[in-house]
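Right, one structure below, let's go through it.
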Amino acid sequence: MRLFSRSPVKSAGSPGIDEKVRISAQSLIGLSQAARSLPLKTGAIRSEQAGNYLSAFKGRTARTGRTHTKLFREEREQPVQLWVDYRAPMFFATRGAFKSVVAARMAALLAWSTVYAGDRLGGLIFSEERHLELRPQQGKNAVLHFIRQLAEHPAWEQKMRQSTRAPTALWDFARLRRVARPGSRVFLISDFRNLAPQAEANLGLLARHNDLVLVFIHDPLETELPPAGRYKVAGTQQELTLDTANRQARELYRQ
């Protein structure tokens, strides 16, 4: 299991859409060339047979009743699963783009890179209101379908109004573990807020049978309060003032 932090991801704009608060399918398609410099293959093999990766699975060995040594090299395709968090906390930013926009761009880059590597692409895009599961498919059409779902997910329309459901934990681990087949490469793209108590154990179980990568999307305000002062904060239904002059409160927030 590995942990990556976000890095800026540039994309082409789309007329009529503010790409800082909502992503367009056009801009995600435009990332196809940039993805060519993002290779995902590790443990690549040289062979004329099908398959691009060394498999962690040992296969079956004949039982002869005698001690013997067998040297083998097994090849197996490695599906890629992209899990994208579209819950309410992802529709937030104090600078740059919404975390959800950054997550969608990262997912699109990984999707294009998956196709260029010749692997099957699957995904799960989830919010408080809807979980959209995409079965692994191969080829450019799989990426285009995935991109369309990223750009047209209902969460983009719901972000400006209060969710009808109570805040939820990060995700339904039973669902995610059921979706990921052993041997898959799984990318979790999220801010990892509201982790349930059992989250660490479940992530460990996922990592036991899959190549698990955590892509951490965050806003600077979530790490540290701005310089001492009074700041107005506006939501969809209320406005409040944030006083950051108290040193003890600043340290508590940082912790």
Side-chain angles (χ1 to χ4, degrees), residues 1-11 13 17-23 27 83-107 109 125-131 150 153-173 176 187-204 206-207 212-255:
M1 180 167 64
R2 292 166 282 160
L3 175 63
F4 289 3
S5 285
R6 71 171 264 193
S7 57
V9 181
K10 295 181 179 180
S11 67
I17 292 182
D18 184 350
E19 293 284 339
K20 292 184 178 181
V21 299
R22 178 162 187 166
I23 202 68
S27 66
W83 296 346
V84 186
D85 184 356
Y86 272 2
R87 296 171 306 127
M90 293 292 289
F91 293 89
F92 172 80
T94 58
R95 66 202 75 177
F98 275 3
K99 291 184 290 181
S100 54
V101 170
V102 176
R105 292 173 182 167
M106 178 61 70
L109 282 169
I125 309 171
F126 57 94
S127 67
E128 290 88 349
E129 304 291 337
R130 182 183 182 190
H131 284 58
L150 285 173
H153 195 280
W156 296 105
E157 302 298 335
Q158 296 161 355
K159 69 181 184 295
M160 297 307 294
R161 61 178 184 271
Q162 189 172 3
S163 174
T164 59
R165 297 188 181 183
T168 61
L170 178 58
W171 36 54
D172 180 353
F173 280 105
L176 297 190
F187 290 86
L188 301 172
I189 307 174
S190 174
D191 62 0
F192 298 97
R193 293 179 66 90
N194 301 325
L195 277 169
Q198 71 276 21
E200 186 173 348
N202 279 282
L203 288 175
L206 281 169
L212 178 62
V213 181
L214 310 182
V215 183
F216 177 40
I217 309 293
H218 67 96
D219 184 85
L221 184 64
E222 296 172 318
T223 304
E224 187 170 2
L225 288 172
R230 295 174 64 84
Y231 300 86
K232 285 188 176 181
V233 181
T236 56
Q237 298 183 358
Q238 61 180 336
E239 182 178 297
L240 56 86
T241 299
L242 180 65
D243 188 350
T244 65
N246 187 298
R247 181 177 300 180
Q248 183 178 2
R250 293 173 58 83
E251 181 60 28
L252 182 62
Y253 183 91
R254 183 184 298 112
Q255 293 174 5

Is there a side-chain contact between D243 and R230 (heavy atoms, below 4.5 Å)? yes

Check whether any side-chain heavy atom of L221 sits under 4.5 Å from a side-chain heavy atom of Y253, and report yes or no. yes

Is the backbone of P89 close enough, under 3.5 Å, to the side chain of K99 for a donor and an acceptor to pair up by distance? yes

Pairwise distance OH(Y86) to OG(S100) - rounded to 0.5 angstrom: 6.5 Å

Of Q248, Q255, R247, which is the lone residue that meets side-chain hydrogen bond (donor to acceptor under 3.5 Å, both in side chains) with E251? Q255

Just how far is it from atom CG of L150 to atom CD1 of I189, taken to the nearest 0.5 Å? 8.5 Å

Check against side-chain contact (heavy atoms from CB on, under 4.5 Å), I217 and F98: CA-CA 10 Å; I217 309 293; F98 275 3; over 6 Å; no

Looking at E239, I'd like to know if its CD atom is crowded, meaning that more than 12 non-hydrogen atoms belonging to other residues, nucleotides or ligands lie closer than 6.0 Å. yes

Atom CZ of R87 and atom CZ of R193: how far apart are they, to the nearest 0.5 Å? 8.5 Å

Atom pair CH2/CD1 of W83 and I125 - distance to nearest 0.5 Å: 13.5 Å

Non-hydrogen side-chain atoms of V101 and W156 separated by less than 4.5 Å: yes

Is there a donor-acceptor pair closer than 3.5 Å between any side-chain N or O of R95 and the backbone N or O of D219? no

Salt bridge or not between K20 and D18? Use side-chain N to carboxylate O under 4.0 Å. no

Taking all atoms of both residues into account, what is the closest heavy-atom pair of P220 and T94, and its distance? CD-OG1, 4.5 Å

For the CG atom of L203 and the CZ atom of F192, what is their distance to the nearest 0.5 Å? 7.5 Å

Applying side-chain contact (heavy atoms from CB on, under 4.5 Å) to V84 and F126, what does each step give before you reach the verdict? CA-CA 6 Å; V84 186; F126 57 94; 5.9 Å; no

Flag the pair E157 / R22 as yes when at least one side-chain heavy-atom distance between them is below 4.5 Å, and no otherwise. yes

Shortest non-hydrogen separation from H153 to S127 and the atoms involved: CE1-OG, 3.5 Å

For the student: nearest non-hydrogen atoms of T244 and P226, plus distance: OG1-O, 3.5 Å

Student check: side-chain heavy atoms of E19 and R105 closer than 4.5 Å: yes

